[in-house]
Amino acid sequence: MSRAATITGMYHAMLATLGPSRWWPGDTPFEIAVGAILTQNTNWRNVEKAIANLKARDLLSARAMHALDTGELAELIRPAGYYNIKAARLRNFLNFLNDEAGFEIESLKTQGMDELRSKVLSINGVGPETADSILLYALEMPTFVVDAYTYRMMDRHGLAHEGIDYHGLRSIFMDALPEDVSLYNEFHALIVRVGKDWCRKKAGLCATCPLQPFLDESP
DNA sequence: TTCCGGTCTG
DNA sequence: CAGACCGGAA
């Protein structure tokens, strides 16, 4: 089976076993973008507490957050961890939104994806995973999100050569799949669920994993 | 007490 | 390349 067919098969196996994910957690594109930054190197549960702090004070808007000083913002997002550096990164993102979109994140949708992606990547504190999360989940643009779970899953299944970088792995998915926002959204969500519950960093639970049929040693 | 997870800087 | 940045779950 070709790698592309295998990847497609893994998607259908995960979807059949786990059901649809209904991602991304977030009520608005802006909230989703904030969540994408807060979740860097952090479990989503911690991010939810930080988002709740902002919501409880009616501060979950670009203008309101921009008006906070970085120290206040840091305290509010404290539960997400790395709160000092993330406050600075959020500020960089808010400045970008102000300059590029007049604080209206959805106005970014009029830009071409590749051009916008490189602009977002140029924000200090926004790396490739965060950029793709914002483009895919907040702006509904067809870019594939790669994360630590994606690396691990592909490595364990022998589908990514050692030392492959972010964009190499992203290309594997985007070359194998049709350009489809809903598909990329659901695929990443399923990978996260499998990564957390089966393809764990230590002691992967391969025997009961939805992707067990795709392991090399399996029949 | 250890484990887990992105990005930047040195 | 390694180190810095953090909280919460296991």
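Here is how names work: the chains are called A, B, and so on, in the same order as the sequence lines, proteins then strands, and each is numbered from 1.
- Formation of a donor-acceptor pair under 3.5 Å by the Y137(A) side chain with backbone atoms of N185(A) is found in this model.
- Judged purely by atom type and a 3.5 angstrom limit, R91(A) uses its side chain to pair as donor or acceptor with the backbone of L68(A).
- Atom pair Q40(A):CD and dT9(B):P shows a separation of 13 Å (rounding to whole Å applied).
- To the nearest angstrom, C1' of dG5(B) lies 16 Å from CG of D197(A).
- For the pair H188(A) NE2 and dG5(B) P, the interatomic distance rounds to 12 Å; values are reported in whole Å.
- Rounded to an integer number of Å, the gap from W44(A) CH2 to dG6(B) C1' is 14 Å.
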If you restrict it to nitrogen or oxygen atoms, what contacts under 3.5 Å exist between nucleotides 4-8 of chain C and the protein, and what is each distance?
{"residue": "dC6(C)", "atom": "OP1", "partner": "N84(A)", "partner atom": "N", "Å": "2.8"}
{"residue": "dC6(C)", "atom": "OP1", "partner": "N84(A)", "partner atom": "ND2", "Å": "3.2"}
{"residue": "dC6(C)", "atom": "O4'", "partner": "Y82(A)", "partner atom": "N", "Å": "3.0"}
{"residue": "dC6(C)", "atom": "N3", "partner": "Y82(A)", "partner atom": "OH", "Å": "3.0"}
{"residue": "dC6(C)", "atom": "N4", "partner": "Y82(A)", "partner atom": "OH", "Å": "3.4"}
{"residue": "dG7(C)", "atom": "OP1", "partner": "R78(A)", "partner atom": "NE", "Å": "3.4"}
{"residue": "dG7(C)", "atom": "O3'", "partner": "P79(A)", "partner atom": "O", "Å": "3.3"}
{"residue": "dG8(C)", "atom": "O4'", "partner": "N46(A)", "partner atom": "OD1", "Å": "3.4"}

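- If you find the closest nucleotide of DNA chain B to I123(A) and to Y149(A), the one lying nearer the 5' end belongs to Y149(A).
- In this structure, CD of E48(A) is placed 18 Å from P of dG5(B), rounded to the nearest angstrom.
- Remark: the backbone N or O of D69(A) is paired with a side-chain donor or acceptor of E72(A) at under 3.5 angstrom.
- In this view, K49(A) and P79(A) satisfy the side-chain contact (heavy atoms from CB on, under 4.5 Å) rule, not counting sequence neighbours.
- Rounded to an integer number of Å, the gap from K201(A) NZ to dG6(B) P is 10 Å.
- Atom CG in L205(A) sits about 14 Å away from atom P in dA10(C), given to the nearest Å.
- At distances below 3.5 Å, not a single donor-acceptor pair connects side-chain atoms of Y149(A) with backbone N or O atoms of C199(A).
- Between the OH atom of Y151(A) and the P atom of dC4(B) there is a distance of 18 Å, given to the nearest Å.
- Using modelled atom types, no side-chain atom of K201(A) and backbone atom of A148(A) make a donor-acceptor pair closer than 3.5 Å.
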